[in-house]
Amino acid sequence: MIRFGLCCIFHDHPVKFRHINAANAAKLPEAERLCKLSSICLDNSFELEKALLTVESLEIGAFRILSQILPLYTHPQAGYKLEALPDAPEIVNNFAKIREFHEEHDIRLSFHPDQFIILASPDEQVFENSLRELEYQCMVADLTGAENVNIHMGGTYGSKADTIKRFEARFSELPESVRRHLTLENDDISYTVEDLYPLCSKLDIPLVYDVHHHRCNPDSLSIPQATELCGGLWRKLGREPYFHISSPKASWQAKNPRPHADYIDIKDFPECWLCMNFTLDVEAKAKESAIIQLREDLQQKFGIKA
DNA sequence: GCATGTCAAGTTGTG
DNA sequence: CACAACTTGACATGC
């Protein structure tokens, strides 16, 4: 069985998360700012409940929670503590309800902190900012019962080997909550499955396999080989493998195939995945609509009931 | 109202 | 050397 995952937002269904930018938040006096942030966070916690209900009704088995569910939480100026929000008890209560709901309905939750989160950066400040953001997302992961907080290795700084060594040293110093949630993913510029596998294997970090990134940034591994290595790491840890898929916006021949298309082209779906049990985040701009489409295409082309 | 420009953060590659 | 690409809609602003 393939468990499909939706990333952060919806295309057609009425689930809308709210935002605020730092400049606008900073304009407000402290008390007013916290009230405003609190109301956004509370609304977002209700929207997250709605998101899970919607996902459940569409028979989608996984959902990626947006990083900015509590907007600006770790911002150097506009940042705040959850306890400082007037609605904190209700927010925490909503997160607990979300936890109960997804556990009952077997919906897998994850986070994907964005490109600024780089544990292996040689710049101590970048590392500290990254750690602060990871601690925040892992806190929300604990409150909602989310499983994975998935990041990339980041830059190479002239040597992938040295950078991976730095990652290893930093990883061992991380708070337990961060280590428990953290997963790594191959990227489309620098780090391949081949680069990351030895590290992940050694430290028991699950490796999320993104086949689109693998095609943009290939290594010596074939798709079936990368599938087997990454899948094996997850299964060794008693967890269901977690993969990503997307199709290029223009085409594979275009000068930049990296941007994501609205839908998944069925030709991009690896055949070696057909008989596997795993979770597949569908990174397509048409969101839930792309999942529905992919499910239909798999049924039609391969007779797979996904 | 509606169109437009902006958004915290890092790194790489291109012009 | 500066800047776009990663991704992306919601919001504030200005007409």
**Student:** So that I know where these two stand, are His152(A) and Tyr191(A) an aromatic pair - ring centroids less than 6.0 Å apart?
**Tutor:**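 No: the rings miss the under 6.0 Å criterion.
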**Student:** Decide if the gap between the ring center of Tyr242(A) and the ring center of Phe278(A) is smaller than 6.0 angstrom.
**Tutor:** no
**Student:** Using the P atom on both, measure dT4(B) against dT8(C) and round to a whole Å.
**Tutor:**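 The same atom, P, in both gives a distance of 22 Å.
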**Student:** Indicate yes or no: at least one non-hydrogen side-chain atom of Lys81(A) is less than 4.5 angstrom from one of Tyr73(A).
**Tutor:**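 With C-beta onward as the side chain, the pair touches.
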**Student:** Could you check how far CG of Asn217(A) sits from P of dA5(C), rounded to whole Å?
**Tutor:**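 Value for this atom pair: 20 Å.
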**Student:** Provide the closest heavy-atom pair for Asn186(A) versus His214(A) in the form atom of the first, atom of the second, distance.
**Tutor:**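 Shortest heavy-atom separation between Asn186(A) and His214(A) comes out as ND2-N, 3.5 Å.
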**Student:** Look at Ser190(A) and dT12(B) and indicate whether a side-chain polar atom (N or O) is within less than 4.0 Å of OP1 or OP2.
**Tutor:**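 Answer is no, no contact under 4.0 Å.
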**Student:** Out of dT11(B), dT8(C), dA10(C), which has the shortest distance to the side chain of Val126(A)?
**Tutor:** dT11(B)
**Student:** Would you please confirm or rule out a distance under 4.0 Å between OP1 or OP2 of dT8(C) and any side-chain N or O of Lys285(A)?
**Tutor:** no
**Student:** Under a plain distance cut-off of 3.5 Å, with no hydrogens placed, do Arg108(A) and Thr279(A) share a side-chain donor-acceptor pair?
**Tutor:** yes
**Student:** NA contact type, Glu283(A), heavy-atom cut-off 4.0 Å: base, sugar-phosphate, or nothing?
**Tutor:**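 No contact at all - Glu283(A) keeps every heavy atom at 4.0 Å or more from the nucleic acid.
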**Student:** What is the distance from CD1 of Ile189(A) to P of dG10(B), rounded to the nearest Å?
**Tutor:** 17 Å
**Student:** Less than 5.5 Å between centroids and less than 30° between ring planes, does Phe116(A) satisfy that with dA9(B)?
**Tutor:** yes
**Student:** Rounding to an integer number of angstrom, what distance separates dA12(C) and dA8(B) when you compare their P atoms?
**Tutor:**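 These two P atoms come out 13 Å apart once rounded.
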**Student:** Could you provide the dot-bracket string of DNA chain B, using ( ) for intrastrand pairs, [ ] for crossing pairs and | for bases paired to another strand, with Watson-Crick or G-U pairs below 3.5 Å?
**Tutor:** |||||||..||||||
**Student:** Using whole Å, report how far CG of Asp123(A) lies from C1' of dA9(B).
**Tutor:** 12 Å
**Student:** Are the side chain of Lys160(A) and the backbone N or O of Ser190(A) linked by a donor-acceptor pair below 3.5 Å?
**Tutor:**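 The answer is yes, because a donor-acceptor pair under 3.5 Å joins these two groups.
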**Student:** In whole angstrom, what separates Glu47(A)'s CD from dG9(C)'s P?
**Tutor:** 16 Å
**Student:** Tell me: CD1 of Ile118(A) to C1' of dA8(B), nearest whole Å?
**Tutor:**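 Taking atom C1' of dA8(B) as the reference, CD1 of Ile118(A) is at 14 Å.
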**Student:** Listing time: all N or O pairs from protein to nucleotides 11-15 of chain C that are below 3.5 Å?
**Tutor:**
unit_1	atom_1	unit_2	atom_2	d
dT13(C)	OP1	Lys27(A)	NZ	2.8

**Student:** Using atom CD of Gln115(A) as one end and atom P of dC7(B) as the other, report the distance to the nearest whole Å.
**Tutor:**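 It works out to 15 Å between those atoms.
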**Student:** Any side-chain N or O of Thr156(A) below 4.0 angstrom from OP1/OP2 of dT12(B)?
**Tutor:**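 Yes.
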**Student:** Compute whether any side-chain donor of one residue and acceptor of the other, for Asn150(A) and Thr183(A), lie under 3.5 angstrom apart.
**Tutor:**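 Yes, because at least one side-chain N or O of Asn150(A) sits under 3.5 Å from a partner of the opposite role on Thr183(A).
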**Student:** For residues Ile245(A) and Asp268(A), report the shortest heavy-atom separation together with the two atoms involved.
**Tutor:**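 The answer is CD1-O, 3.7 Å.
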**Student:** With P as the reference atom in both, quote the distance from dG5(B) to dT7(C) in angstrom, rounded to an integer.
**Tutor:**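 Going atom to atom, P in each nucleotide, I get 23 Å.
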**Student:** Under 3.5 Å, is there an N or O donor on one side and an acceptor on the other linking the side chain of Ser130(A) and the base of dA9(B)?
**Tutor:**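 It does not, because no donor-acceptor pair links the side chain of Ser130(A) to the base of dA9(B) below 3.5 Å.
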**Student:** Indicate if Val208(A) and Tyr197(A) have the same hydrophobic cluster label, given that clusters are the connected sets of ILVMFWY residues with side-chain heavy-atom separations under 4.5 angstrom.
**Tutor:**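 No, Val208(A) and Tyr197(A) fall in different hydrophobic clusters.
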**Student:** For atom P, what is the distance between dT6(B) and dA4(C), given to the nearest Å?
**Tutor:**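 That atom pair is separated by 11 Å.
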**Student:** If I take atom CG in residue Asn129(A) and atom C1' in nucleotide dA9(B), what distance separates them, rounded to the nearest angstrom?
**Tutor:** 7 Å
**Student:** Using every non-hydrogen atom in the two residues, find where Phe63(A) and Cys8(A) come nearest and quote the distance to one decimal.
**Tutor:**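 Here Phe63(A) and Cys8(A) meet closest at CZ-O, 3.5 Å.
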**Student:** Between atom CG in Asp262(A) and atom C1' in dT7(C), what is the gap in whole Å?
**Tutor:** 13 Å
